[in-house]
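Read through the structure below, which is laid out as structure tokens, and then see the notes.
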Amino acid sequence: MTAEELFDKLKEVRISGGACAYTLEKCEAMMPLINAINALKKERNAVILAHSYVTPEILYGVADFTGDSYGLAKDATKTKAQTIVFASVRFMGETAKILNPEKQVLIPGTDTGCTLADAVTGPQVKNLRREFPDHTFVCYINTTADVKAECDVCVTSSNVYDIVEAIPNDKIFFLPDKLMGKNLREEMERRGVDKQIEIFDGVCYVHEQYDPEMIQFLRLKFPGVKVLSHPECSPGILHASDYAGSTSQMMDYVAKSKDSQFAVLTECGLSSRLQVEFPEKKIVGSCTMCRYMKSNSLEGILRVLLKPRPEDYVNLSDEVMQRARHCIDAMFTYTENKTAIPVRD
Ligand code: 13P
Ligand code: SF4
């Protein structure tokens, strides 16, 4: 790849009112790092998976797979490479490791937490299961491997409603996202599905910030704008939006839409991806950054490919991986085959 080719892709990126923009000079300055990473990938038999929230230079300069958490988890099952570098946050790296116990999984970020994944621990879920013995425990993919090991089925923002609807039990414990849990309750009610849903108390600090009044303002300022939001936002935001879905579902919505202006209430990485992939469409309003996702950098990727530190590896015990795998496989089985959710004995 040349600096000109990279600039040709990134020239449309204008997030935060143009504060994050790319010039040809900036692309030229990044090329030695990008070329070094792309050469090392081949040498080390490595692939780079990157969530849509990381920086455009990672997504368009070095990534082999990009997408939402469901798509990337599926991609992680397909690669033959011996090393997976996962530009995202730790829980996504853990998912890749659970699906590929024999591979090396490396996390290049410097702050790889997530306010949702950090909200609940495995021992807490164990206690909750004693308190709610009749409930099916459904965890959002934004959880640690220890938490997945204690749950029955994992979901992502792209399949949460369909999976919960398909669970034969009417008593559900959903964790850790309080706002997604409220959206889930509303959606089950809207579909006429009778479920009693207990909800944990976690939030995503990026998506909880949005206020429905902001949407009114956007509609006044940009008449005809289509407002898209993520199911981690509050029910008030989803009510005021035209569409809600995972990051990849929002991209599909824009791809298929005949409209020309969109406001996306999610992390800035998605706004920049939309600007790159659909230069003829206008992405308006501001976006919000996730400090964890944005702690991934080209320098970090080069470091983990060259000389990873012990903390850059994802290491999990065999027992946790086996138990957590059950929870992830239950999600794949339902999503791919639309068969009943195999619940833990
Ligand atoms: P997606 O699965 O929609 O990509 O969401 C992941 C995430 O962390 C959202 O904050
Ligand atoms: Fe976690 Fe929110 Fe960042 Fe997604 S955007 S990784 S849910 S803190």
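When a ligand or atom number is given, it counts from 1 through the structure's own listing order.
Heavy-atom contacts of Ser246 reach the following atoms of ligand 1: 3 (O) (cutoff under 4.0 Å). Ligand 1 places these atoms under 4.0 Å from at least one heavy atom of Ser157: 1 (P), 2 (O), 3 (O). Each of the atoms 7 (C), 8 (O) of ligand 1 lies under 4.0 Å from some heavy atom of Asn142. Interface atoms of ligand 1 facing Asp68, defined by a heavy-atom separation under 4.0 Å, are 1 (P), 2 (O), 4 (O). Atoms of ligand 1 lying under 4.0 Å from at least one heavy atom of His207, given by number and element, are 10 (O). Atom numbering of ligand 1 starts at 1 in the shown order; those under 4.0 Å from a heavy atom of His230 are 1 (P), 3 (O), 5 (O), 9 (C).
At least one heavy atom of His51 sits closer than 4.0 Å to an atom of ligand 1. Under a 4.0 angstrom heavy-atom cut-off, Glu232 registers as being in contact with ligand 2. Taking a 4.0 Å cut-off on heavy atoms, Glu267 fails to register as neighbouring ligand 1.
With a 4.0 Å cut-off on non-hydrogen atoms, Ser69 touches ligand 1 through its backbone as well as its side chain. The part of Cys290 lying near ligand 2 is the side chain, judged by heavy-atom distances below 4.0 Å.
Between Phe173 and Phe200, the angle of the ring planes lies from 30° to 60°, which puts this pair in the tilted group. Aromatic ring orientation, His207 versus His230: tilted (interplanar angle from 30° to 60°).
Because the distance cut-off is set at 2.8 Å, Cys114 qualifies as a neighbour of atom 1 (Fe) of ligand 2 through one of its N, O or S atoms.
The N/O atoms of Thr156, backbone and side chain alike, include none that comes under 3.5 Å of an N/O atom in ligand 1.
Under the 6.0 Å distance and 45° angle rule, Lys74 counts as a cation-pi partner of Phe332.
What sits closest to atom 2 (Fe) of ligand 2 on the protein, heavy atoms only, is Cys204 SG, 2.3 Å.
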